[in-house]
Amino acid sequence: MNAFDLGKFEEEAQEQWTHTFESNPSNLEKCYLTVAYPYPSGAMHVGHGRTYIVPDVIARFWRMRGKQVLYPMAFHVTGAPVIGISKRIAKNDPKTIHLYRDLYKVPQNVLDEFTDPLTIVRHFASEYQRVMTACGISIDWRRRFTTVDPTYSKFIEWQWKHLFEAGHVIKGVHPVRYCTVDDNPVGDHDLLEGDKAEVIKFTLVMFQHGDAFIPTATLRPETIFGVTNLWANPNVTYVRALVDGSAWIISQEAAEKLALQDHTVEVQEEIAGQDLIDKTVSHPLCGTVPVLPADFVDPDMASGLVMSVPAHAPFDYIALRDLQCAGKYTQIKPVPLIKVDGYGEIPAQDAVEKAGITHQMDSRMDALTQEIYSAEFSKGKLFEKYGGKPVRVARDDIAALMIEKYASKIMYEFDTRPVVCRCGNKVKVKILHDQWFLKYSDPTWKKQVSDHLGGMALIPPEVRLEFDRTVDWLKDWACTRRVGLGTRFPWDTTQLIEPLSDSTIYMAYYTIAHKIREIDSKLLTPEVFDYIFLGKESPELPEKKKLEAMRKEFLYWYPYNYRFSAKDLISNHLTFQLFHHVTIFPKDKLPRGMVVFGMGLLNGAKMSSSKGNVFLLEDAVSDFGADTVRMFLMGSAEPWQDFDWRNELVISTKKQIERFFNTVLESKDADGEPHDIDRWLISRLQSHIQRTTEALANFQTRQALQEAYSGIETDLKWYRRRLAENSDGSRELHTLCSVWIRLLAPFIPFTGEHLWKELAGEGLVSFAPWPVANNKLINTRIELAEELISRTVEDIESIRKLIQITPKSITISIAPEWKHEIFLLIAKSNDRNTVIKEIMKDDAMRKRGKEATDTAKQCTTLIHRLPPHVVEPLAREPINEIAVFEAAKKFLEKEFGVPVHITEAESSEHAKAATALPFKPAIIIE
Ligand SMILES: [Zn+2]
């Protein structure tokens, strides 16, 4: 009994695969694939599944094509997230407990130990390995490591020594994203929201109000001359605080932020926002102005109060106009101060009226604001009475003047908000002193990266732009943290190297990971790594034999061929790793290519562990089978497209595998003599092999499956239809099955191994030779003939549906020779417009008159409709249609259950026969 049982196939294959994918240097050409390693703080979901299955399919493909393939995996456990998780579990936080106990299904006795952060990552690292193995991912597990292994730390210290010596590690005062709950700088990885937010430098304009200052933050200090009022939110509670000894009125949030930015802040009392309304403030550059109410003022944005320049800021203009429409503050008029070409005296009014904007909430307001700001910056000039300078010059001059003479200060704030830490706390900007940075802003370093990037293979090619942009805008990166797991920073051991900065060249470490652990980490000096990775000899290297073996591994495997990752890592990890590589490794060891993935959706919504919108990979494997999960993930979208997991579609994928399984079992032992239809099947198979191969070489898993699965299945259906009655097919089916199993093996390796054994294939299908298309088996004539027959069958079927009579006979009427001549001339011609004139120059054709021009037009239309793989061979040599149909007569009669007549159109009396065209005979149903 050989039933379709994916669970059984999985068991069988797993037994055979132990240690099978461990890969050592050999005489074969190498192919080294790596994927961004996981941070194992939770269970794997199907989105993770795709991340590791795509490289696996590619690894399996190249392995079968005879390359020595390395696909390693490790675990990233550096950083603070698991510390937060363990604290929350220790505190019995219900949300966290729910996530780990109910969603990730961690047994209670294990969960009890999660108060130790290392237990969490150890637990999930083992889970990851178990589930990846269950998915058939062909990893060399000997090379597994974690980023807190002592030997790995030695490697990181060596890497940083080189970065430091190259001048890329600097110490300085910088504003950084900071979480006050974790008391740590926050990297992209630590954010729930706002990873695109940038830190912006604002000037605080200090308005006097009694004995206190009211600061307002601006990016355009030059507009001080046009301030007509301040905006305060009447619903917000402000505070009076002593900031560096002087009294300021600011929002509560601003008080907290300023304390993080080198100010001493002492809150004295609360002030209701309402109490500020209609009070006056003054500034030497604009005089005395009132404070007006505005609900749009956000206490969490900079100081929590805003200065209003209605002549040049559309938001201010509309807000003032709204108040004035209600009859209030009608004495206030916009005060223009900048002349800019293309706008009237009051640019904000101009732009708002031109756009027909009637209220503040109009979605075009942001764009409009941006437009005026950039017009004024690039071509605006201050009025003569304000100095007459261009805006771009005046801006810095006035900011400097304000700081020097009018008590202004700098305040850092994000350009977009909210920015939220993984712990749930709002992230703020903090100025760090003695903070260590990687100097990604260095133009020379950037150039080295750009130069190398230019020669790299990037899949899909569209991502190149995003990489270029990232290299361009990358700023200095705070590379140490006070809290977390990881490697101590060599120049200040109270600090740790942060997670994204200790994970940039670990692909090189994989090459030696299984061997280096045999050496005591205390012996692993920088000289040891200099030898292994750079070939630098130095006296008294320990364990020289082992080092030589590692050097050999590195030289064999490196550089990696492709790195795979989700696209959200372009703006950090994928680009960082290039910066580090160009500094440390010689040119011939620099990365060759990257493949960037789209995101995963679950029933149309973004997958997110924290929101509970995930389907666990392990559940998917046990519900549907590993092969089903693999085939669905590879077939529903190309790797760089977003995919959507829907259980109902996954079920139909399982049915496809079952059909494949049954078809192979039914076909593999056929032993009939081959006929033309077998030659057709084998001829078609060559193009499926070729196209599947091309698609996989280009990482197009979906395209490859369409060829390898659907293409062959469709052919087989036609083949079975065309077989003579009582025939099970010929022995060629065995050949086809052997090819088919191998073409699908990278996608469904478990079913593949089982069937390969059924077929008595040699060894494991995982290492069986990839099929190679044999051009000698391609028979264009036979393919054309079948194409003609199948198209005619389709035509007959649709005509029959249309006329709705029970047919007594079918006549297929073949186009005459002269029509073939016309068809040929048009098919061959490069210019299908003038060719008709050429044809009509011929005497015989001219005699046919309108009939000939009509045929030429019809042939032109037909040629447009036919696929190139039909037109091209037809243009070389027409086929004998009469012979084709005569040979298929029995088949057609069987198909339609009535006598079929084949006639030449010119000898037919039926009017319809005149419509016959080459490759499209007239069909007469009576
Ligand atoms: Zn936090």
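One-based numbering, in listed order, for ligands and for the atoms of each. In what follows, residues are counted from 1 in the order of the sequence shown.
Remark: aromatic rings of Trp640 and Phe597 are distant, center separation not under 6.0 Å.
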### Task
Go through the steps to decide whether Phe124 and Tyr128 satisfy the test ring pair (Phe, Tyr, Trp, His ring centres under 6.0 Å), and finish with yes or no.
CA-CA 6 Å; Phe124 285 112; Tyr128 263 68; 7.6 Å; no
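Distances shorter than 2.8 Å separate the Zn ion (ligand 1) from the protein N/O/S atoms Cys179 SG, Asp182 OD2, Cys421 SG, Cys423 SG.
Arg144 and Gln129 share a side-chain donor-acceptor pair at under 3.5 Å. For the residue pair Thr480 / Glu498, no side-chain donor-acceptor distance below 3.5 Å is found, with atom types taken as modelled.
Ring geometry for Phe145 versus Tyr37: interplanar angle over 60°, hence perpendicular rather than tilted (30 to 60°). Taking the six-membered ring where the residue is Trp, Phe489 and Trp436 present tilted rings, their angle falling between 30° and 60°.
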